[in-house]
Every structure is written in C-alpha cells, then in structure tokens.
Number of protein chains: 2
Amino acid sequence: MRGMSLRIALLGLLTAYGSASGYDLAKGFERSVAHVWQAGHSQIYPELAKMTADGLVTVEAEGARGRKIYSITSEGRAELRAWLIGHDPTGPARSEVALQAFLLPLLDPGEALDVLERLKAYVEQKLAELEAMWAAKHALPVPEGASGVKFGDLALDLGIRQTRTTLEWANDAMAQLERQA
Amino acid sequence: MRGMSLRIALLGLLTAYGSASGYDLAKGFERSVAHVWQAGHSQIYPELAKMTADGLVTVEAEGARGRKIYSITSEGRAELRAWLIGHDPTGPARSEVALQAFLLPLLDPGEALDVLERLKAYVEQKLAELEAMWAAKHALPVPEGASGVKFGDLALDLGIRQTRTTLEWANDAMAQLERQA
DNA sequence: AGGTGACATGTAAGCTTTGACATGTCAATC
DNA sequence: GATTGACATGTCAAAGCTTACATGTCACCT
C-alpha cells in the first residue's frame, strides 16, 4: 500500500467529473489538484491503463481524435473510500523553500535578505493565484442540490492559509535580519 | 540544474558540522533537516561518492570502523552559495495530507469528521515534536561569538508555524462539518 | 566467551517521476 | 490550400527514491 497517491488523485477527480478522458484529467490536474499533487500526462496515461487492467476504471466510450472516456467502477469507488478512511497521514513535505530557509543563516545578512525578498515575491504571487482560484469558484451561486462544501474547497483553503503563513514568516524573518544588520 | 536538493542539503549540513562522516550526516538528516528534506543512508553514501568525484567534498581522513570523514571544498562552498542565491523557488509540496483534504468532501460528513480527527491527532503530535526541538535548541545559552540566528532556526520556525496553521485549519474544517451535520 | 546493539558503509531491485520524443486529428485563421 | 494551435494519446530513457539485503567493527554487559 505505498505510492497509491496518483491513483487516488485520479479516482478522486474522476468521481468529481463523473467521466473524463486522460487529457481532461491532465488538465484538471493542472487546474485544481496542482497545489496538492502534480502529475504530467506521461504519468497519467500509463496509470489509467494499469487502473483499467485492475478494474478500478473503465473505458466507457471512445470519442473523436482517439479520445478515451473513462469512468470509475464500483471497485474504484471502494478503493478510494478505503484510502480516504484508512490512510495514515505521513508528513513528508520535501520542500525546496524550507530547505532554502534552513540554509539561509549560512549567507551573510545582506545576501539572506535578497533571497528572502525573492522568496516573498514568489509566495505573494502564489497566494494571489490561489485567491483568484477561490474567487472564481465562489463567484457562481451554489448549484441546486449541492452540499455546502464544494469539492476541493477544503484543500484550497488549507493551501491559502499555508501560503499566508509562509508570507508572514518571510516578513518576520526579514525584520529579524534587518535588526541584526 | 535539476534535483540538486540532496546535494545542497548535504553541503549545508557539512558546512554546519565542519566535517562529518556519511553516518553523521545520515543521523543529522534525521535530527535536523528531516522536516525539510528526507534521505536515507542508501541515498547519502552514493551521493557523497559522486560529490567527491565532482570535487565538492573530500575525504579528509579515515577513522575507525571504516569511517570516512568528509569536508567541504571551496568548490562545494561555491556551489552551495550559488544555489542559495540563484535558485528560483518552485513550490511542489506533494502533500498526502492536502490530497486527503482535497478529497474529503467525497465522504459523508460523519466519516469526514473521523478522518479529520485522526489527521488532527497526527498534526498535534508533529507540532509537539517540532516545539520540543525548538525548546531543546534554545535551552542552552548562545555560544560566544555566534550570530543571532542559529543554523536551521528559520526553517524550524517555518515548520512550527505551518503545522499550527494546519491544526487551525483542521479545527475550522471540523466545526464547519459539524454545523452541516 | 558470547551476545547485543550502536557504529559504519555499501549494493541492488523495483518503483515513481521527469523531460524529451513521437504521432496524429480537428478547427480556425490567413 | 497551408499553417497554426489546441486536442489527444502514447513511449522511452534517465534520474530520483525506497526497501531490503549484505557485511563488518567495536564496546559493553553477562
């Protein structure tokens, strides 16, 4: 039960979409799950083939331009449910930003400030993107019959909060360095 | 210039330690960089060999039990500096916790609450660990001549803040779900 | 003298991930 | 009629990473 995450993400998106092609899923990955999990089409297409072989998804129909439309099977739904309910969270977070932060005291304060400045700019941009995503999602009225919490909202909220936290950290770190210099 | 991060982390630790064996670095990884970057000894030993070949580190001496003591070269220092100053941050954050959060609305509120409960317990434990690390580091008085900011402090602070943010998010998410149920 | 456990280094198989290559369809514009 | 660009699917090689295997030293305890 290791390295299931790509499968799970795909099953989740498929559930949300009802049915979709590999291409759709790849685009969906970029749009909605990107801040949570990344995968290119070169990973997605083979994985969908394996998942088909394992009976988690099926090719429901084939459209124009060789388009294959997948949908989730009941087995797939069971797998997804089991993972969500039974998976122990492991906190890896291999983060380049955090690594940079870790090593920052190796530079002299002036240089460290420059690095933090760039990092801050990056984080600000990312925050703007996430907030735009949130705004776009909530601009439309809630469709009838939908539950209160939209799919992916919790994760987007988490992403926004963490990005804000990083920004605050960068500001405080800069202030601390300036006091020293 | 991709996938340098392991190298950089090793060069950083070596700078901090002055000199160290692969074994020391592996232990140091567990203790101090783990929340920022992970690597087992089976990755560290071969990488040190490659770095030696590339002239970034040298085997300064060989001690008991086949122990090899590495130190950083001026080339290594240059590489580390260049990365820190010139590296554009890329925000991957492939996070299983965030993925779980993303998919949570697929469960019904009761089940989702259970998942959040476990997640919260995990995050609380992690927070306690990080805070214990901070306390341990700052219990000792600052050694003479040292700069104000200790090595790794900024990253630890960032980690603590982000873990706290995740905890707050979990609490709010749970409250929101309870209101619905 | 023997056992345990921390110290210490490595290799190998297998999986995931990335980036580049490769191919072809269809719609719209020039 | 030709070109461009989004649509659409795939493969492959190389790099990264994890897990397990494999070996040996040294200190301490019994």
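We use all heavy atoms of the structure for the numbers below, so side chains are in, but hydrogens, waters and symmetry mates are not.
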Checklist entry - Does anything in residues 6-15 of chain A pair up under salt bridge (Lys or Arg N to Asp or Glu O under 4.0 Å), and if so which pairs, sequence neighbours excluded? => result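 For residues 6-15 of chain A, and leaving out neighbouring residues, the salt bridge (Lys or Arg N to Asp or Glu O under 4.0 Å) pairs sorted by first residue read A:R7-A:E47, A:R7-A:D54.
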Roughly, in whole Å, what's the span from [atom1] in [X] to [atom2] in [N]?
X: A:I44; N: D:dT9; atom1: CD1; atom2: P; result: 10 Å
X: B:M4; N: C:dT18; atom1: CE; atom2: P; result: 18 Å
X: A:R7; N: C:dT17; atom1: CZ; atom2: C1'; result: 16 Å
X: A:K50; N: D:dG10; atom1: NZ; atom2: P; result: 14 Å
X: A:L10; N: C:dT17; atom1: CG; atom2: C1'; result: 14 Å
X: B:Q38; N: D:dC17; atom1: CD; atom2: P; result: 10 Å
X: A:E30; N: D:dA8; atom1: CD; atom2: P; result: 14 Å
X: A:E47; N: C:dC15; atom1: CD; atom2: P; result: 12 Å

Checklist entry - 5'-most contact on DNA chain C: A:S5 or A:H41, nearest heavy atom basis? => result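 Result of the comparison: A:S5.
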Between the side chains of [X] and [Y], is a donor N or O closer than 3.5 angstrom to an acceptor N or O?
X: A:R67; Y: A:S21; answer: yes
X: B:E129; Y: B:Q125; answer: yes
X: A:Q100; Y: B:H87; answer: no

Checklist entry - Relative to the ring of B:W134, is the ring of B:H138 parallel (under 30°), tilted (30 to 60°) or perpendicular (over 60°)? => result parallel
Checklist entry - Just checking B:S42: base, sugar-phosphate only, or nothing, at a heavy-atom cut-off of under 4.0 Å? => result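 If one applies the 4.0 Å heavy-atom cut-off, B:S42 turns out to touch a base.
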Checklist entry - Using a heavy-atom distance cut-off of less than 4.0 Å, which residues of residues 57-72 of chain B contact DNA chain C? => result B:R65, B:G66, B:R67, B:K68
Checklist entry - Between B:G40 and A:Y45, who's closer to the 5' end of DNA chain D by nearest nucleotide? => result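 By nearest-heavy-atom nucleotide position, the 5'-most residue is A:Y45.
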Checklist entry - Within the pair B:Q43 and D:dT18, is there a side-chain N or O less than 4.0 Å away from OP1 or OP2? => result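 For D:dT18, OP1/OP2 do have a side-chain N/O of B:Q43 under 4.0 Å.
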Next on the checklist: Of the listed nucleotides (D:dT18, C:dT18, C:dC7), which one gets closest to any side-chain atom of B:Y23?
Outcome noted: C:dC7
Next on the checklist: Of the listed nucleotides (D:dT9, C:dT18, C:dT9), which one gets closest to any side-chain atom of B:R94?
Outcome noted: C:dT18
Next on the checklist: Do the side chains of B:E60 and B:K68 get close enough for a salt bridge, i.e. N-O under 4.0 angstrom?
Outcome noted: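 A salt bridge is absent here (no side-chain N lies under 4.0 Å from a carboxylate O).
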Checklist entry - Would you say A:M133 and A:L127 are hydrophobically clustered, going by side-chain heavy atoms of ILVMFWY under 4.5 Å? => result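 Same hydrophobic cluster.
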